[in-house]
2 protein chains.
Amino acid sequence: MRRYDDACGTAHALELLGDRWALLILRELMLGARRFSQLRADLPGLSANVLTQRLGELESRGLLLHRTLPPPASVPVYELTPWGYETEPITQAMGRWAARSPHHDASLRISGVSLLLSFRTMLDRQRAKGIDAEVGFRFGDDVYRGHLTPSLFAISQGAPDDAQLVFIGSPMALGAAVHGGVPISKLEKAGALTVIGDRKLAQRFTTLFPLPEKLPT
Amino acid sequence: MRRYDDACGTAHALELLGDRWALLILRELMLGARRFSQLRADLPGLSANVLTQRLGELESRGLLLHRTLPPPASVPVYELTPWGYETEPITQAMGRWAARSPHHDASLRISGVSLLLSFRTMLDRQRAKGIDAEVGFRFGDDVYRGHLTPSLFAISQGAPDDAQLVFIGSPMALGAAVHGGVPISKLEKAGALTVIGDRKLAQRFTTLFPLPEKLPT
DNA sequence: CGGCATCCGGGAAGATACTG
DNA sequence: CAGTATCTTCCCGGATGCCG
């Protein structure tokens, strides 16, 4: 490993997760275990050998585990350790800071996990006052449930037991609605997004995660 | 620039400041403008050409400015832009997280800026209850003043007007007292640290910035 | 399908020496 | 003092092939 030889915690953090792609791999695992092929699909620019290398390093450093799901699944997955999950504040601080960048291009592709994490990061507690909702998300085969309250947006993998609201579509379509201000009706007409359940709640949902003001170019 | 082609804010942040040494350079500028040679001294493993390259990139990205101090100084310095200063939460999140690492080696060298920033990051508001103190720090030629209150530790370059307390010595010696639990008296006997002013306050000062509990190896 | 090994090209990082 | 110039090394990324 390349070292900084610096007692500062920031330097040590960079030694542990400063390699290219490392933090993005952690981000994709932030909502639960995922498979090698899922990670490849989430991070298209990342080649298999580098992914293998990163996963090995992060495992040896104690940030994630390589385990096999219990039968009948019995497939290998990668999952963060508790300490790995504790990197979320780092991811969030970066996301919050970069959202103000004049060069940030929101039209690029985004993964389902990234989008849901951005909601968690940007939740506006004032605007969410009084809310208590179970929301489902279906991004192709990836399904998530979120429990939204004014103080917290708890997300996990899997279909919700009974959601007031379910979004179906690509992460980019939902991102356009929430972060891009595109009306839901327009996305539905274009066939990019489907909303099931409480449409009024869906409308409100799109306003709960405002991005910070951008800097002048 | 190497891109991730990802709309996620974290990815964009990594494009802007994910290059090796970049975040550590920002850290060293976090308490005010510094010169090229100071940065080299603060980051011994960083060679001049890489430093030149990083400074140029960070300037073109809008995180810092290369300007000349007004006469009679008239020397070139590098200084963060307001947006550059806004990276401190990232630095702090990393430092806080890495402090729990089983592999963190606090015996390595640390810069004055790093140490003072670690105080700001780790300030325990409970323990600091009722405090309101002006503290000076002298690390060789680098002099800082800090205004400490229960909610904030404001730091700037330069000698304090009237400090109740001044620490004189190397950053590592002060770090040993605050983060390492080494008694001030012992450091003074060893000639590593000098305390001027309110010694009782100095004693209390060393308890205000507790590190989080480490993970088992 | 889910990796790991290997080879290769390009480019970034590191060490050292040098210049205005 | 504040950077350049040059050279070497190593990491990253892509492709391919192997093996369970």
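Numbers restart at 1 for each chain; the letters A, B, ... are given by sequence-line order, proteins then strands.
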Got a salt bridge between D19(B) and R61(B), using NZ or NE/NH1/NH2 to carboxylate O under 4.0 Å?
-> yes
Nearest-0.5 Å distance, CZ of residue R3(A) to CG of residue D105(B) | 9.0 Å
Give me the ring orientation class for F119(B) and F153(B): parallel if the planes are under 30° apart, tilted from 30 to 60°, perpendicular past 60°.
-> tilted
Looking at residues 20-29 of chain B, who's got a heavy atom less than 4.0 Å off DNA chain C?
-> R20(B), W21(B)
On DNA chain D, nearest-nucleotide positions of R2(B) versus Y78(B): which is more 5'?
-> Y78(B)
Grab the CG-P distance between D19(B) and dC11(D) for me, whole Å please.
-> 16 Å
D5(B) CG to dC12(D) C1', straight-line distance once rounded to whole Å = 16 Å
Residue pairs fulfilling salt bridge (charged side-chain N to carboxylate O under 4.0 Å, His left out) with at least one residue in residues 63-76 of chain A, sequence neighbours excluded | R67(A)-E79(A)
Beyond-backbone contact of L51(A) with W21(A), side-chain heavy atoms, under 4.5 angstrom = no
Of all of residues 36-62 of chain A, which get a heavy atom below 4.0 angstrom from DNA chain C, listed by number?
-> F36(A), S37(A), N49(A), T52(A)
Given DNA chain C, 5'-ward residue of the pair P76(A) and Y4(A), judged by closest heavy atom = P76(A)
In DNA chain C, stems of three or more consecutive pairs, Watson-Crick or G-U, each with both distances under 3.5 Å, turn out to be C:2-20 with D:1-19
Find the distance H66(B):NE2 to dC1(D):C1' and express it as a whole number of Å.
-> 12 Å
In whole angstroms, the gap separating C1' of dC12(D) from CZ of R3(B) amounts to 17 Å
Looking at R27(A) and E88(A), does any basic side-chain N land under 4.0 Å from a carboxylate oxygen?
-> no
Just jot down the side-chain contact (heavy atoms from CB on, under 4.5 Å) partners of R100(B), sequence neighbours excluded, or say none.
-> W83(A), E86(A), P212(B), L215(B)
Please indicate whether K214(A) has more than 12 foreign heavy atoms, meaning atoms of other residues, nucleotides or ligands, lying under 6.0 Å from its NZ.
-> yes
Check for a donor-acceptor pair, side chain of Q157(B) on one end and backbone N or O of V143(B) on the other, with a separation under 3.5 Å.
-> no
Distance-only criterion, 3.5 Å: show the donor-acceptor pairs between side-chain atoms of residues 133-142 of chain A and protein atoms not counting sequence neighbours.
{"residue": "E134(A)", "atom": "OE1", "partner": "H147(A)", "partner atom": "ND1", "Å": "2.8"}
{"residue": "D142(A)", "atom": "OD2", "partner": "R34(A)", "partner atom": "NH1", "Å": "3.4"}
{"residue": "D142(A)", "atom": "OD2", "partner": "R34(A)", "partner atom": "NH2", "Å": "2.6"}

Tell me whether the centres of the aromatic rings in F36(B) and H66(B) are closer together than 6.0 Å.
-> no
